[in-house]
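Right, one structure below, let's go through it.
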Amino acid sequence: MSEVEFLGYRREDGSVGVRNHVALIAVDHAGAPVVEGVSKLIRGTTAVSHQYGRLQFGEDLELTFETLIGTGCNPNVAAAVVVGIEPNWTLKVAEEIERRSKKPVRAVHVIGKGTIDAIRDAAKHARELVSWASEIQKEPCKISDLIIGVKCGASDTTSGIASNPVIGVVGEKIIDLGGTFIFGETTELAGGEHIIAERFVDEKERKKFLEVFNRYLEFAKSKGVDIMGSQPTEENIAGGLTTIEEKALGNIQKVPKRGIKGVLKPAERPPSKGLWFMDTSSSAQEQVTLLAAAGASIHLFSTGQGNPVGHQIIPVIKITGNPVTAERMKDNIDVDVSDIIRGKMSVREGGEKVFEFMLKVASGKLTAAEIVRHDNFTINRLYPSM
Amino acid sequence: MAIKKIHLHDEKDNVAVALEDLEPGDKVRVEKGGKEVEISVKERIPFGHKVALELIDAGGKVVKYGEIIGAATEKIEPGEHVHTHNVRSLKFT
């Protein structure tokens, strides 16, 4: 497989998408019913809805803006309509998406016209943009064009044995083919942070990683939670995990054994190809949202017990090594690697299975989460509003 | 004496994971360094738990995923259950 290719969408800014959404992005709660309304009226549109964006300030507000702008800039988005309560912030988000990604963006605000007229205005924009976007042709693309995100959730014993190592193997292949891979989950690395730290290729970035990690431990401690001391949990121990190192290593198996280039801020786009760490929470929908805002076009998600998380803009591929989950939650699972647990499949073979599925998804095959509409876009709040 | 399935993550590991419940007297086999090693299970080890593949002295390193996951608090014989009763964390105690 020297010429690994798929059919994707080449965007103006040089990025490559695997979907062709006309995204309807709510800036705040006033935009939410508008984008949801328009998505029901106009075929080919995707609502990115939430209830935040008012009276936030400082770093927390910046992250909300970066998440909305980054989502609009995601390569899976062809064009966007941005809807907010008033013109200033709505235009700020819309203009920034247009400036960074050079894609067509329209802005609509609700004050002075009301929700229904805003739906009418946004629907007219959306109709034109869908007509334009539907003409874009797919082109042959390479793995080096992809930014892939990764996370595990609802993990169990099978995650550390099967689904996480399988993703690690896929990630190594993606990196070796010149692609980009982002992992996060700052807290989940606890106990194995020294192993991740060793893999940074740059001393400055290694220090930055340990700072980010220690800052989080201190923050948790200030709230009365000792992350290091509370692991592994009783449930983990019953499942066979003995120490915090072992638990962390099970999570770390999904990180390719390659040099890590650096630390990304939440929602920050990687400045170059390769393997990157992003400082994120370990909540599935929050982490997927931040990676999508950073430009990830596909997400690989390992699950033991069956976390069904998805995202409206990027396909989230669900991989399980748990035979019971593969059977009972098959509506949510994309790739079953439980034969590893049965001793009938090697980790490498599992990796090949996931890689092939990922190429199909890159060329347009829908994931379980897309089909059942697991549209889990979520704003990450850093602290309360004013 | 059944041959039971276990999973070895890395050739450097001195423990393997039981892929089914192991009973005393069961045999398990792994490939290490190109040759097959057979071990007799000494005690009951549930699915997902670890079995020692070689002798680990008290204070010796327990290796899984090719990395140190802790230290033995007592001597662990091949075929014995490796868990919280005989291993401690080196990160957090």
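Order of the sequence lines fixes the chain letters, A, B, ..., with proteins taken first and strands second; residue numbering starts at 1 for each chain.
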Take a 6.0 Å sphere around [atom1] of [X] and say whether it holds more than 12 heavy atoms from other residues, nucleotides or ligands.
| X | atom1 | value |
| --- | --- | --- |
| A/Arg328 | CZ | no |
| A/Lys265 | NZ | no |
| B/Glu31 | CD | yes |
| B/Glu38 | CD | yes |

Looking only at heavy atoms and a cut-off of under 4.5 Å, which of [options] has the most pairs with chain B?
| options | answer |
| --- | --- |
| A/Asp156, A/Thr157, A/Leu249 | A/Leu249 |
| A/Gln253, A/Arg342, A/His194 | A/Gln253 |
| A/Leu241, A/Ile195, A/Ile161 | A/Ile161 |
| A/Gly192, A/Ala248, A/Gly191 | A/Gly191 |

Whatever's closer than 4.5 Å to a heavy atom in chain B on A/Ala190 counts as neither
Tell me, side chain or backbone of A/Ile252 under 4.5 Å from chain B's heavy atoms, or both, or neither? neither
For the atom pair OG (B/Ser89) and CE (A/Met228), what is the distance rounded to the nearest 0.5 Å? 8.5 Å
Just how far is it from atom CG of A/Asn236 to atom OG1 of B/Thr84, taken to the nearest 0.5 Å? 12.0 Å
Tell me whether B/His83 contacts the main-chain N or O of A/Ile237 through its side chain, where contact means a donor paired with an acceptor under 3.5 Å. yes
Test item: B/His7 side-chain N/O and A/Ala162 main-chain N/O as donor-acceptor pair under 3.5 Å: no
Non-hydrogen contacts under 4.5 angstrom with chain A: give the residues of residues 54-69 of chain B involved, or none if there are none. B/Lys64, B/Tyr65, B/Glu67, B/Ile68, B/Ile69
Looking at side-chain heavy atoms only, is the closest gap between A/Glu245 and B/Leu90 below 4.5 Å? yes
So, A/Thr242 versus B/Lys50: side-chain donor-acceptor pair below 3.5 Å or not? yes
Minimum heavy-atom distance between A/Gly343 and B/Lys5, given as atom pair plus value: CA-CD, 3.9 Å
Quick one: what part of B/Val87 sits under 4.5 Å from any heavy atom of chain A, side chain, backbone, both or neither? both
